[in-house]
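Following: one structure in C-alpha coordinates, then a few remarks.
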Protein chains: 2
Amino acid sequence: MTPVVFSVASCLSFPANRYGVFMTHNASILVVEDDPALSRLICYNLEKQGYDVRLAGDGHTALDQISRRIPDLVLLDWMLPSISGLEVCRQLREQPKTKSIPIIMLSARGQETDSVRGLEIGADDYLIKPFGMETLFARVKAMLRRLPPSGNVLKFDALVLDRVAHKVERNGRLLPLGPTEYRLLEFLMTHPGQVFSREELLEQAWERSSCVELRTVDVHIRRLRQTLNAGEEKDLIRTVRARGYALDMPQD
Amino acid sequence: MTPVVFSVASCLSFPANRYGVFMTHNASILVVEDDPALSRLICYNLEKQGYDVRLAGDGHTALDQISRRIPDLVLLDWMLPSISGLEVCRQLREQPKTKSIPIIMLSARGQETDSVRGLEIGADDYLIKPFGMETLFARVKAMLRRLPPSGNVLKFDALVLDRVAHKVERNGRLLPLGPTEYRLLEFLMTHPGQVFSREELLEQAWERSSCVELRTVDVHIRRLRQTLNAGEEKDLIRTVRARGYALDMPQD
DNA sequence: CAACCGGTGTCATAAAAGTTACACACTTTA
DNA sequence: TAAAGTGTGTAACTTTTATGACACCGGTTG
(Lines give C-alpha, C1' and ligand atoms only; values in the text may rest on other atoms or scores of the structure.)
Protein backbone atom coordinates (compact mmCIF):
# COMPACT_ATOMS: atom_id res chain seq x y z
CA MET A 1 0.00 0.00 0.00
CA THR A 2 2.16 2.79 -1.22
CA PRO A 3 0.75 6.26 -1.03
CA VAL A 4 -0.50 7.30 -4.42
CA VAL A 5 0.38 10.82 -5.36
CA PHE A 6 -2.39 12.57 -7.14
CA SER A 7 -2.02 15.99 -8.59
CA VAL A 8 -4.66 18.33 -9.91
CA ALA A 9 -4.08 21.59 -11.70
CA SER A 10 -3.50 24.43 -9.27
CA CYS A 11 -3.81 22.10 -6.32
CA LEU A 12 -1.05 20.64 -4.24
CA SER A 13 -0.43 16.94 -4.42
CA PHE A 14 -2.72 14.93 -2.29
CA PRO A 15 -2.19 11.42 -1.07
CA ALA A 16 -4.97 8.92 -1.52
CA ASN A 17 -5.51 6.35 1.14
CA ARG A 18 -5.89 2.72 0.36
CA TYR A 19 -9.62 3.03 -0.03
CA GLY A 20 -9.20 5.42 -2.88
CA VAL A 21 -10.59 8.32 -0.97
CA PHE A 22 -8.84 11.42 -2.16
CA MET A 23 -8.03 13.99 0.41
CA THR A 24 -8.24 17.00 -1.78
CA HIS A 25 -9.22 20.59 -1.35
CA ASN A 26 -11.09 20.23 -4.58
CA ALA A 27 -14.35 21.99 -4.93
CA SER A 28 -17.36 19.88 -4.11
CA ILE A 29 -20.20 20.00 -6.58
CA LEU A 30 -23.72 18.73 -6.04
CA VAL A 31 -25.42 17.67 -9.26
CA VAL A 32 -29.21 17.71 -8.99
CA GLU A 33 -30.60 15.98 -12.06
CA ASP A 34 -33.20 13.27 -12.47
CA ASP A 35 -32.27 12.05 -15.93
CA PRO A 36 -29.81 9.23 -15.21
CA ALA A 37 -28.14 9.43 -18.60
CA LEU A 38 -27.39 13.13 -18.28
CA SER A 39 -26.46 13.04 -14.62
CA ARG A 40 -24.06 10.18 -15.22
CA LEU A 41 -22.47 12.05 -18.09
CA ILE A 42 -22.07 15.21 -16.03
CA CYS A 43 -20.79 13.46 -12.91
CA TYR A 44 -18.34 11.36 -14.84
CA ASN A 45 -16.88 14.34 -16.63
CA LEU A 46 -16.73 16.59 -13.59
CA GLU A 47 -15.06 13.87 -11.60
CA LYS A 48 -12.52 13.48 -14.34
CA GLN A 49 -11.80 17.18 -13.88
CA GLY A 50 -10.95 16.44 -10.27
CA TYR A 51 -14.08 17.75 -8.57
CA ASP A 52 -15.67 16.09 -5.59
CA VAL A 53 -19.03 15.30 -7.13
CA ARG A 54 -22.25 14.26 -5.37
CA LEU A 55 -25.55 13.44 -6.97
CA ALA A 56 -29.16 14.05 -6.03
CA GLY A 57 -32.00 12.72 -8.13
CA ASP A 58 -34.79 14.97 -6.89
CA GLY A 59 -35.48 18.17 -5.00
CA HIS A 60 -36.00 16.62 -1.59
CA THR A 61 -32.80 14.64 -1.73
CA ALA A 62 -30.96 17.75 -2.86
CA LEU A 63 -32.16 19.91 0.03
CA ASP A 64 -31.49 17.08 2.41
CA GLN A 65 -27.94 16.57 1.19
CA ILE A 66 -27.20 20.27 1.23
CA SER A 67 -28.47 20.67 4.77
CA ARG A 68 -26.07 17.95 5.80
CA ARG A 69 -23.08 19.20 3.93
CA ILE A 70 -22.80 22.46 2.08
CA PRO A 71 -21.27 22.03 -1.37
CA ASP A 72 -19.16 24.64 -3.07
CA LEU A 73 -21.46 24.70 -6.09
CA VAL A 74 -24.83 23.30 -7.12
CA LEU A 75 -25.81 22.29 -10.64
CA LEU A 76 -29.58 22.37 -10.51
CA ASP A 77 -31.97 21.00 -13.06
CA TRP A 78 -35.22 22.90 -13.39
CA MET A 79 -37.52 19.94 -13.92
CA LEU A 80 -37.32 17.57 -10.99
CA PRO A 81 -39.50 15.06 -9.20
CA SER A 82 -41.02 16.12 -5.84
CA ILE A 83 -39.66 19.69 -5.64
CA SER A 84 -38.80 21.68 -8.74
CA GLY A 85 -35.36 23.16 -9.20
CA LEU A 86 -36.82 26.63 -9.06
CA GLU A 87 -38.32 25.89 -5.68
CA VAL A 88 -35.11 24.32 -4.43
CA CYS A 89 -33.28 27.46 -5.47
CA ARG A 90 -35.80 29.67 -3.71
CA GLN A 91 -35.54 27.68 -0.51
CA LEU A 92 -31.76 27.72 -0.58
CA ARG A 93 -31.75 31.47 -0.95
CA GLU A 94 -33.98 31.86 2.08
CA GLN A 95 -31.70 30.32 4.67
CA PRO A 96 -28.60 32.17 5.84
CA LYS A 97 -26.46 29.05 5.75
CA THR A 98 -27.27 28.22 2.16
CA LYS A 99 -28.10 31.53 0.61
CA SER A 100 -24.68 32.18 -0.82
CA ILE A 101 -24.10 28.81 -2.44
CA PRO A 102 -23.42 29.38 -6.13
CA ILE A 103 -26.15 27.80 -8.24
CA ILE A 104 -26.03 27.06 -11.96
CA MET A 105 -29.44 26.15 -13.28
CA LEU A 106 -29.79 23.66 -16.09
CA SER A 107 -32.93 23.59 -18.16
CA ALA A 108 -34.41 22.65 -21.48
CA ARG A 109 -36.61 25.69 -21.16
CA GLY A 110 -34.94 28.10 -23.50
CA GLN A 111 -37.44 30.93 -23.39
CA GLU A 112 -36.03 34.26 -22.34
CA THR A 113 -38.59 34.54 -19.55
CA ASP A 114 -37.45 31.20 -18.14
CA SER A 115 -33.83 32.12 -17.78
CA VAL A 116 -34.81 35.50 -16.38
CA ARG A 117 -37.05 33.82 -13.85
CA GLY A 118 -34.28 31.45 -12.81
CA LEU A 119 -31.79 34.25 -12.37
CA GLU A 120 -34.31 36.47 -10.60
CA ILE A 121 -35.05 33.81 -8.05
CA GLY A 122 -31.40 33.59 -7.13
CA ALA A 123 -29.58 31.36 -9.58
CA ASP A 124 -26.17 32.66 -10.56
CA ASP A 125 -26.11 31.20 -14.03
CA TYR A 126 -28.52 29.49 -16.38
CA LEU A 127 -27.52 26.92 -18.98
CA ILE A 128 -29.90 25.82 -21.68
CA LYS A 129 -29.97 22.14 -22.61
CA PRO A 130 -28.45 20.72 -24.59
CA PHE A 131 -25.08 22.15 -23.68
CA GLY A 132 -21.59 20.90 -24.35
CA MET A 133 -19.41 19.61 -21.57
CA GLU A 134 -16.79 22.22 -22.40
CA THR A 135 -19.32 24.95 -21.82
CA LEU A 136 -20.33 23.41 -18.53
CA PHE A 137 -16.71 23.17 -17.39
CA ALA A 138 -16.05 26.76 -18.36
CA ARG A 139 -19.13 27.99 -16.50
CA VAL A 140 -18.28 25.94 -13.44
CA LYS A 141 -14.71 27.18 -13.42
CA ALA A 142 -15.78 30.78 -13.89
CA MET A 143 -18.16 30.44 -10.98
CA LEU A 144 -15.67 28.78 -8.65
CA ARG A 145 -13.09 31.43 -9.51
CA ARG A 146 -15.21 34.04 -7.82
CA LEU A 147 -15.73 32.12 -4.62
CA PRO A 148 -14.64 34.10 -1.59
CA PRO A 149 -11.08 33.06 -0.76
CA SER A 150 -11.80 29.64 0.61
CA GLY A 151 -10.04 29.60 3.90
CA ASN A 152 -7.56 26.92 4.68
CA VAL A 153 -9.85 23.93 4.66
CA LEU A 154 -8.97 20.31 5.25
CA LYS A 155 -11.43 17.62 4.30
CA PHE A 156 -11.67 13.95 5.07
CA ASP A 157 -14.84 12.15 4.16
CA ALA A 158 -17.60 14.30 5.66
CA LEU A 159 -15.14 15.86 8.08
CA VAL A 160 -14.25 19.47 7.40
CA LEU A 161 -11.67 21.44 9.31
CA ASP A 162 -11.47 25.16 8.61
CA ARG A 163 -8.21 26.57 9.86
CA VAL A 164 -9.28 30.19 9.35
CA ALA A 165 -12.60 29.97 11.12
CA HIS A 166 -11.02 27.45 13.47
CA LYS A 167 -14.00 25.17 13.26
CA VAL A 168 -14.53 21.49 12.64
CA GLU A 169 -17.69 19.98 11.25
CA ARG A 170 -18.80 16.46 10.52
CA ASN A 171 -21.84 16.15 8.32
CA GLY A 172 -22.60 19.77 9.05
CA ARG A 173 -22.53 19.20 12.81
CA LEU A 174 -20.17 21.54 14.60
CA LEU A 175 -17.71 19.72 16.82
CA PRO A 176 -16.70 21.32 20.11
CA LEU A 177 -13.01 20.52 20.43
CA GLY A 178 -10.44 21.61 22.96
CA PRO A 179 -7.15 23.09 21.76
CA THR A 180 -5.21 19.84 22.05
CA GLU A 181 -7.92 17.76 20.41
CA TYR A 182 -8.03 20.32 17.63
CA ARG A 183 -4.27 20.16 17.05
CA LEU A 184 -4.37 16.40 17.15
CA LEU A 185 -7.14 16.19 14.59
CA GLU A 186 -5.51 18.84 12.44
CA PHE A 187 -2.32 16.83 12.36
CA LEU A 188 -4.11 13.59 11.56
CA MET A 189 -6.10 15.28 8.80
CA THR A 190 -2.95 16.54 7.15
CA HIS A 191 -1.67 12.97 7.08
CA PRO A 192 -4.74 10.87 6.42
CA GLY A 193 -4.39 7.12 6.47
CA GLN A 194 -0.97 7.23 8.08
CA VAL A 195 -0.29 5.54 11.38
CA PHE A 196 1.54 7.49 14.08
CA SER A 197 3.00 6.25 17.30
CA ARG A 198 2.18 8.01 20.52
CA GLU A 199 5.65 9.52 20.53
CA GLU A 200 5.09 11.00 17.12
CA LEU A 201 1.69 12.36 18.05
CA LEU A 202 3.11 13.95 21.19
CA GLU A 203 5.85 15.45 19.10
CA GLN A 204 3.39 16.92 16.62
CA ALA A 205 0.34 17.98 18.57
CA TRP A 206 1.98 18.99 21.85
CA GLU A 207 4.57 21.56 22.75
CA ARG A 208 8.09 20.49 21.82
CA SER A 209 9.38 20.65 25.34
CA SER A 210 6.39 19.26 27.14
CA CYS A 211 7.19 15.99 28.82
CA VAL A 212 3.89 14.25 29.01
CA GLU A 213 3.00 10.65 29.64
CA LEU A 214 2.53 8.58 26.50
CA ARG A 215 -0.79 7.33 27.85
CA THR A 216 -2.13 10.85 27.68
CA VAL A 217 -2.42 10.43 23.96
CA ASP A 218 -4.88 7.60 24.51
CA VAL A 219 -7.10 9.85 26.55
CA HIS A 220 -7.12 12.57 23.94
CA ILE A 221 -7.73 10.09 21.16
CA ARG A 222 -10.63 8.77 23.12
CA ARG A 223 -12.09 12.22 23.62
CA LEU A 224 -11.57 13.06 20.01
CA ARG A 225 -13.41 9.88 19.05
CA GLN A 226 -16.19 10.70 21.47
CA THR A 227 -16.75 14.12 19.95
CA LEU A 228 -16.17 12.96 16.40
CA ASN A 229 -18.60 10.08 16.58
CA ALA A 230 -21.30 11.69 18.66
CA GLY A 231 -24.24 10.59 16.57
CA GLU A 232 -23.60 6.92 16.05
CA GLU A 233 -21.32 7.59 13.14
CA LYS A 234 -18.49 5.38 12.10
CA ASP A 235 -15.19 5.70 13.90
CA LEU A 236 -12.70 7.52 11.72
CA ILE A 237 -9.77 6.81 14.01
CA ARG A 238 -8.14 3.45 13.52
CA THR A 239 -6.24 1.88 16.38
CA VAL A 240 -3.20 -0.05 15.32
CA ARG A 241 -2.27 -2.30 18.14
CA ALA A 242 1.25 -1.77 19.43
CA ARG A 243 1.81 0.99 16.87
CA GLY A 244 -0.51 3.90 17.36
CA TYR A 245 -3.41 5.60 15.64
CA ALA A 246 -4.46 6.80 12.21
CA LEU A 247 -7.25 8.82 10.68
CA ASP A 248 -8.81 6.35 8.32
CA MET A 249 -12.00 5.14 6.71
CA PRO A 250 -13.64 2.33 8.66
CA GLN A 251 -12.96 -1.12 7.19
CA ASP A 252 -16.46 -2.47 6.71
CA MET B 1 -15.54 61.01 22.28
CA THR B 2 -19.25 61.38 21.81
CA PRO B 3 -21.43 58.32 21.94
CA VAL B 4 -22.12 56.92 18.53
CA VAL B 5 -25.77 57.38 17.72
CA PHE B 6 -27.50 57.24 14.41
CA SER B 7 -30.21 55.86 12.26
CA VAL B 8 -29.81 53.67 9.22
CA ALA B 9 -33.28 54.34 8.00
CA SER B 10 -31.91 56.24 5.05
CA CYS B 11 -29.84 53.25 4.00
CA LEU B 12 -32.53 50.68 4.20
CA SER B 13 -33.99 51.47 0.85
CA PHE B 14 -30.84 50.32 -0.86
CA PRO B 15 -30.64 46.70 -1.86
CA ALA B 16 -28.36 44.50 0.16
CA ASN B 17 -26.18 42.08 -1.71
CA ARG B 18 -25.45 38.58 -0.56
CA TYR B 19 -22.72 39.66 1.79
CA GLY B 20 -25.22 41.77 3.65
CA VAL B 21 -23.53 44.93 2.51
CA PHE B 22 -25.83 47.70 1.46
CA MET B 23 -25.10 49.33 -1.82
CA THR B 24 -24.93 52.95 -0.84
CA HIS B 25 -24.65 54.09 -4.41
CA ASN B 26 -26.00 52.89 -7.68
CA ALA B 27 -23.76 50.30 -9.21
CA SER B 28 -21.57 51.73 -11.96
CA ILE B 29 -21.45 49.80 -15.19
CA LEU B 30 -19.03 50.36 -18.04
CA VAL B 31 -20.44 49.36 -21.39
CA VAL B 32 -17.75 48.62 -23.97
CA GLU B 33 -19.41 48.35 -27.36
CA ASP B 34 -18.61 49.89 -30.73
CA ASP B 35 -21.96 49.48 -32.41
CA PRO B 36 -23.70 52.78 -31.60
CA ALA B 37 -27.20 51.37 -32.04
CA LEU B 38 -26.63 48.54 -29.59
CA SER B 39 -24.66 50.57 -27.08
CA ARG B 40 -27.32 53.25 -27.04
CA LEU B 41 -29.99 50.65 -26.49
CA ILE B 42 -28.08 49.04 -23.65
CA CYS B 43 -27.09 52.27 -21.95
CA TYR B 44 -30.56 53.69 -22.20
CA ASN B 45 -32.14 50.64 -20.65
CA LEU B 46 -29.56 50.18 -17.91
CA GLU B 47 -29.85 53.83 -16.94
CA LYS B 48 -33.57 53.41 -16.72
CA GLN B 49 -32.88 50.63 -14.23
CA GLY B 50 -31.02 53.11 -12.09
CA TYR B 51 -27.44 52.16 -12.87
CA ASP B 52 -24.64 54.64 -13.28
CA VAL B 53 -23.70 53.83 -16.87
CA ARG B 54 -20.54 54.83 -18.75
CA LEU B 55 -19.67 54.04 -22.32
CA ALA B 56 -16.49 53.16 -24.13
CA GLY B 57 -16.40 52.64 -27.88
CA ASP B 58 -13.17 50.71 -28.15
CA GLY B 59 -10.64 48.73 -26.17
CA HIS B 60 -8.19 51.54 -25.51
CA THR B 61 -10.84 53.86 -24.22
CA ALA B 62 -12.19 51.10 -22.05
CA LEU B 63 -8.84 50.36 -20.39
CA ASP B 64 -8.22 54.05 -20.00
CA GLN B 65 -11.54 54.69 -18.33
CA ILE B 66 -11.19 51.72 -16.05
CA SER B 67 -7.73 52.80 -14.92
CA ARG B 68 -9.20 56.14 -13.96
CA ARG B 69 -12.22 54.81 -12.18
CA ILE B 70 -12.99 51.21 -11.43
CA PRO B 71 -16.55 50.30 -12.32
CA ASP B 72 -18.60 47.74 -10.45
CA LEU B 73 -19.21 45.77 -13.64
CA VAL B 74 -18.04 45.72 -17.24
CA LEU B 75 -20.15 44.71 -20.24
CA LEU B 76 -17.56 43.87 -22.82
CA ASP B 77 -18.11 43.30 -26.51
CA TRP B 78 -15.74 40.80 -28.10
CA MET B 79 -15.27 42.55 -31.42
CA LEU B 80 -13.84 45.99 -30.87
CA PRO B 81 -11.66 48.50 -32.71
CA SER B 82 -8.03 48.82 -31.57
CA ILE B 83 -7.98 46.18 -28.81
CA SER B 84 -10.34 43.22 -28.85
CA GLY B 85 -12.63 42.52 -25.94
CA LEU B 86 -10.78 39.30 -25.29
CA GLU B 87 -7.52 41.19 -24.96
CA VAL B 88 -9.10 43.83 -22.74
CA CYS B 89 -10.37 41.06 -20.51
CA ARG B 90 -6.95 39.45 -20.37
CA GLN B 91 -5.26 42.71 -19.45
CA LEU B 92 -7.81 43.49 -16.77
CA ARG B 93 -7.26 40.10 -15.21
CA GLU B 94 -3.52 40.70 -15.06
CA GLN B 95 -3.50 43.72 -12.81
CA PRO B 96 -4.31 43.35 -9.13
CA LYS B 97 -6.45 46.47 -9.10
CA THR B 98 -8.69 45.33 -11.90
CA LYS B 99 -8.52 41.59 -11.76
CA SER B 100 -11.65 41.12 -9.74
CA ILE B 101 -13.94 43.38 -11.72
CA PRO B 102 -16.91 41.33 -12.87
CA ILE B 103 -16.99 41.06 -16.65
CA ILE B 104 -19.89 39.99 -18.83
CA MET B 105 -18.79 39.37 -22.38
CA LEU B 106 -21.12 40.11 -25.25
CA SER B 107 -20.55 38.49 -28.60
CA ALA B 108 -22.16 37.43 -31.81
CA ARG B 109 -19.78 34.49 -31.81
CA GLY B 110 -22.05 31.70 -30.70
CA GLN B 111 -19.69 28.79 -31.14
CA GLU B 112 -19.14 26.74 -28.03
CA THR B 113 -15.38 27.23 -28.29
CA ASP B 114 -15.86 31.00 -28.29
CA SER B 115 -17.81 31.19 -25.07
CA VAL B 116 -15.41 28.74 -23.50
CA ARG B 117 -12.48 30.87 -24.58
CA GLY B 118 -14.08 33.99 -23.18
CA LEU B 119 -14.79 32.36 -19.85
CA GLU B 120 -11.36 30.74 -19.71
CA ILE B 121 -9.64 34.04 -20.16
CA GLY B 122 -11.43 35.46 -17.19
CA ALA B 123 -14.90 36.63 -18.16
CA ASP B 124 -17.57 35.83 -15.60
CA ASP B 125 -20.40 35.46 -18.03
CA TYR B 126 -20.87 35.27 -21.77
CA LEU B 127 -23.96 36.48 -23.59
CA ILE B 128 -24.57 35.61 -27.20
CA LYS B 129 -26.01 38.29 -29.45
CA PRO B 130 -28.75 38.91 -30.03
CA PHE B 131 -29.99 38.85 -26.45
CA GLY B 132 -33.06 40.38 -24.87
CA MET B 133 -32.81 43.29 -22.49
CA GLU B 134 -34.55 41.25 -19.82
CA THR B 135 -31.86 38.63 -20.05
CA LEU B 136 -29.16 41.28 -19.80
CA PHE B 137 -30.79 42.82 -16.74
CA ALA B 138 -31.13 39.45 -15.09
CA ARG B 139 -27.48 38.60 -15.74
CA VAL B 140 -26.29 42.00 -14.52
CA LYS B 141 -28.35 41.74 -11.37
CA ALA B 142 -27.19 38.21 -10.70
CA MET B 143 -23.59 39.36 -11.06
CA LEU B 144 -23.93 42.42 -8.85
CA ARG B 145 -25.60 40.33 -6.17
CA ARG B 146 -22.34 38.55 -5.60
CA LEU B 147 -20.11 41.61 -5.27
CA PRO B 148 -17.77 41.39 -2.30
CA PRO B 149 -18.10 43.85 0.55
CA SER B 150 -16.81 47.23 -0.56
CA GLY B 151 -19.49 49.58 0.60
CA ASN B 152 -19.45 52.11 3.36
CA VAL B 153 -22.02 50.22 5.31
CA LEU B 154 -21.14 46.85 6.75
CA LYS B 155 -23.80 44.47 7.93
CA PHE B 156 -23.58 41.29 9.92
CA ASP B 157 -26.79 39.67 11.03
CA ALA B 158 -28.79 42.54 12.53
CA LEU B 159 -25.63 44.53 13.13
CA VAL B 160 -25.08 47.57 10.93
CA LEU B 161 -21.93 49.65 10.85
CA ASP B 162 -21.85 52.86 8.83
CA ARG B 163 -18.30 53.94 8.11
CA VAL B 164 -19.28 57.33 6.78
CA ALA B 165 -21.56 58.28 9.62
CA HIS B 166 -19.24 56.37 11.96
CA LYS B 167 -22.16 54.83 13.72
CA VAL B 168 -23.32 51.37 14.70
CA GLU B 169 -26.66 49.86 15.53
CA ARG B 170 -28.08 46.46 16.29
CA ASN B 171 -31.72 45.64 15.71
CA GLY B 172 -32.38 49.34 15.45
CA ARG B 173 -30.81 49.93 18.86
CA LEU B 174 -28.06 52.50 18.83
CA LEU B 175 -24.75 51.35 20.20
CA PRO B 176 -22.57 53.80 22.12
CA LEU B 177 -19.07 52.61 21.28
CA GLY B 178 -15.71 54.09 22.13
CA PRO B 179 -13.15 54.63 19.38
CA THR B 180 -11.21 51.49 20.15
CA GLU B 181 -14.30 49.32 20.38
CA TYR B 182 -15.46 50.79 17.10
CA ARG B 183 -12.20 49.97 15.32
CA LEU B 184 -12.22 46.52 16.80
CA LEU B 185 -15.76 45.86 15.64
CA GLU B 186 -15.10 47.37 12.23
CA PHE B 187 -12.16 45.06 11.72
CA LEU B 188 -14.09 42.02 12.86
CA MET B 189 -17.00 42.92 10.60
CA THR B 190 -14.77 43.09 7.57
CA HIS B 191 -13.57 39.56 8.33
CA PRO B 192 -16.63 37.77 9.64
CA GLY B 193 -16.19 34.24 10.88
CA GLN B 194 -12.42 34.48 10.99
CA VAL B 195 -10.53 33.91 14.19
CA PHE B 196 -7.87 36.42 15.15
CA SER B 197 -5.26 36.18 17.86
CA ARG B 198 -4.85 39.01 20.33
CA GLU B 199 -1.65 39.97 18.56
CA GLU B 200 -3.48 40.31 15.27
CA LEU B 201 -6.27 42.32 16.83
CA LEU B 202 -3.78 44.67 18.48
CA GLU B 203 -2.05 45.03 15.15
CA GLN B 204 -5.29 45.86 13.39
CA ALA B 205 -7.36 47.90 15.82
CA TRP B 206 -4.60 49.71 17.70
CA GLU B 207 -1.86 52.09 16.64
CA ARG B 208 1.09 50.36 15.02
CA SER B 209 3.58 51.52 17.61
CA SER B 210 1.45 51.13 20.67
CA CYS B 211 2.87 48.55 22.97
CA VAL B 212 -0.10 47.36 24.90
CA GLU B 213 -0.63 44.29 27.00
CA LEU B 214 -2.25 41.41 25.13
CA ARG B 215 -4.80 41.07 27.90
CA THR B 216 -6.09 44.51 27.09
CA VAL B 217 -7.80 42.97 24.12
CA ASP B 218 -9.85 40.84 26.49
CA VAL B 219 -11.10 43.91 28.25
CA HIS B 220 -12.12 45.64 25.05
CA ILE B 221 -13.76 42.51 23.76
CA ARG B 222 -15.68 42.36 26.97
CA ARG B 223 -16.75 46.01 26.65
CA LEU B 224 -17.74 45.41 23.06
CA ARG B 225 -19.78 42.39 24.06
CA GLN B 226 -21.40 44.32 26.86
CA THR B 227 -22.56 47.04 24.52
CA LEU B 228 -23.38 44.68 21.67
CA ASN B 229 -25.49 42.32 23.71
CA ALA B 230 -27.23 44.82 25.96
CA GLY B 231 -30.72 43.45 25.55
CA GLU B 232 -30.45 39.71 26.08
CA GLU B 233 -29.34 39.18 22.52
CA LYS B 234 -27.07 36.41 21.43
CA ASP B 235 -23.33 36.91 21.69
CA LEU B 236 -21.91 37.53 18.26
CA ILE B 237 -18.31 37.24 19.43
CA ARG B 238 -16.95 33.74 19.62
CA THR B 239 -14.10 32.99 21.98
CA VAL B 240 -11.66 30.43 20.69
CA ARG B 241 -9.67 29.20 23.61
CA ALA B 242 -5.94 29.54 23.21
CA ARG B 243 -6.41 31.31 19.87
CA GLY B 244 -8.47 34.44 20.02
CA TYR B 245 -11.82 35.83 18.97
CA ALA B 246 -14.11 35.90 15.95
CA LEU B 247 -17.27 37.64 14.92
CA ASP B 248 -19.60 34.76 14.29
CA MET B 249 -23.18 33.61 14.37
CA PRO B 250 -23.93 31.67 17.52
CA GLN B 251 -23.90 28.05 16.36
CA ASP B 252 -26.27 26.04 18.49
C1' DC C 1 -8.36 77.06 36.81
C1' DA C 2 -10.41 73.21 38.85
C1' DA C 3 -13.74 69.74 38.74
C1' DC C 4 -15.73 66.56 35.80
C1' DC C 5 -16.08 62.91 32.42
C1' DG C 6 -15.62 59.47 29.13
C1' DG C 7 -12.14 56.51 27.21
C1' DT C 8 -8.03 53.46 28.16
C1' DG C 9 -4.77 50.33 30.00
C1' DT C 10 -3.42 47.35 33.92
C1' DC C 11 -4.02 44.53 37.64
C1' DA C 12 -5.94 41.09 40.86
C1' DT C 13 -9.11 37.67 41.27
C1' DA C 14 -12.90 34.61 40.04
C1' DA C 15 -14.65 31.42 36.89
C1' DA C 16 -14.40 28.46 33.19
C1' DA C 17 -12.28 25.33 30.23
C1' DG C 18 -9.01 21.99 29.16
C1' DT C 19 -5.20 18.72 30.48
C1' DT C 20 -2.91 15.16 32.93
C1' DA C 21 -2.25 11.22 35.81
C1' DC C 22 -3.84 7.19 37.58
C1' DA C 23 -6.48 3.17 38.75
C1' DC C 24 -8.83 -0.37 36.82
C1' DA C 25 -11.61 -2.85 33.35
C1' DC C 26 -11.52 -4.75 29.09
C1' DT C 27 -9.54 -6.92 24.78
C1' DT C 28 -6.25 -9.14 22.09
C1' DT C 29 -2.24 -12.08 21.47
C1' DA C 30 0.75 -15.87 22.23
C1' DT D 1 -4.49 -18.14 30.89
C1' DA D 2 -0.89 -14.82 31.39
C1' DA D 3 0.94 -10.82 29.46
C1' DA D 4 0.64 -6.91 26.88
C1' DG D 5 -1.88 -3.32 24.99
C1' DT D 6 -6.13 -0.29 25.06
C1' DG D 7 -10.28 2.02 26.69
C1' DT D 8 -12.72 4.62 30.35
C1' DG D 9 -14.01 7.37 34.44
C1' DT D 10 -12.45 10.41 37.83
C1' DA D 11 -10.16 13.78 40.30
C1' DA D 12 -6.38 16.91 40.78
C1' DC D 13 -4.21 20.32 38.37
C1' DT D 14 -2.96 23.90 34.85
C1' DT D 15 -4.01 27.26 31.62
C1' DT D 16 -6.85 30.59 29.75
C1' DT D 17 -10.57 33.81 29.89
C1' DA D 18 -14.02 36.92 32.15
C1' DT D 19 -14.78 40.50 35.21
C1' DG D 20 -14.63 44.36 38.46
C1' DA D 21 -11.84 47.95 40.36
C1' DC D 22 -8.85 51.56 39.81
C1' DA D 23 -5.55 54.92 38.15
C1' DC D 24 -4.30 57.85 34.38
C1' DC D 25 -4.96 61.10 30.59
C1' DG D 26 -6.79 64.60 27.69
C1' DG D 27 -10.57 67.36 26.68
C1' DT D 28 -14.54 69.97 28.17
C1' DT D 29 -17.33 72.56 31.22
C1' DG D 30 -18.58 75.62 34.91
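Proteins get letters first, then strands, A, B, ... in listed order; numbering begins at 1 in each.
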Does B/P192 have any side-chain contact (heavy atoms from CB on, under 4.5 Å) partners at least two apart in sequence or in another chain, and if so, which? B/F156
Expressed as a whole number of angstroms, how long is the span from A/L177:CG to C/dA17:P? 15 Å
Expected output: side-chain A/R225 to main-chain A/I237 donor-acceptor under 3.5 Å: yes
A/Q226 CD - D/dT10 C1' separation (whole Å): 13 Å
Are A/W206 and C/dT19 close enough that a side-chain N or O sits under 4.0 Å from OP1 or OP2? no
Using a heavy-atom cut-off of under 4.0 Å over every strand shown, decide if B/V240 touches base, sugar-phosphate, or nothing. sugar-phosphate
Tell me whether A/R163 is salt-bridged to A/E186, with the criterion being a basic N under 4.0 Å from an acidic carboxylate O. yes
Rounded to the nearest Å, what distance is computed from the CZ atom of residue B/R222 to the C1' atom of nucleotide C/dT8? 13 Å
Under the ring pair (Phe, Tyr, Trp, His ring centres under 6.0 Å) test, residues paired with A/F196 that sit two or more places apart: A/F187, A/H191
Can you name the side-chain contact (heavy atoms from CB on, under 4.5 Å) partners of B/R173, sequence neighbours left out? B/R170, B/L175, B/E233
B/L175 CG to C/dG7 C1': how many Å, rounded? 17 Å
Show the distances under 3.5 angstrom between N or O atoms of the protein and N or O atoms of nucleotides 24-30 of chain C.
from   : atom 1 : to     : atom 2 : distance (Å)
C/dT28 : O2     : A/R241 : NH2    : 3.3

Is A/Y182 touching bases, backbone alone, or none of the nucleic acid, heavy atoms closer than 4.0 Å? nothing
D/dG5 phosphate, OP1 or OP2, under 4.0 Å from A/Y245 side-chain N/O: no
Whole angstrom is fine here: how far is it from CZ in A/R183 over to C1' in D/dT15? 12 Å
Under-4.0 Å side-chain N/O to phosphate OP1/OP2 contact, B/T239 with D/dT16: no
Run the side-chain contact (heavy atoms from CB on, under 4.5 Å) test against A/R222 and tell me which residues pass, sequence neighbours left out. A/Q226
Please report the distance, rounded to the nearest Å, between CG in A/D218 and P in C/dA21. 12 Å
Are the side chain of B/D157 and the backbone N or O of B/L159 linked by a donor-acceptor pair below 3.5 Å? no
Could you tell me the separation between the CD1 atom of B/I221 and the P atom of C/dG7, rounded to a whole number of Å? 17 Å
Using heavy-atom distances to pick each residue's nearest nucleotide on DNA chain D, tell me which of A/R243 and B/G244 is more 5'. A/R243
Distances for protein N or O near nucleotides 10-12 of chain C N or O, under 3.5 Å:
from   : atom 1 : to     : atom 2 : distance (Å)
C/dT10 : OP2    : B/E213 : N      : 2.8
C/dT10 : OP2    : B/T216 : OG1    : 2.8

Quick one: does B/S197's side chain have a donor or acceptor within less than 3.5 Å of a partner on B/G244's backbone? no
Relative to the ring of B/H220, is the ring of B/W206 parallel (under 30°), tilted (30 to 60°) or perpendicular (over 60°)? perpendicular
Rounded distance in Å - CZ (B/R225) to C1' (C/dA16): 13 Å
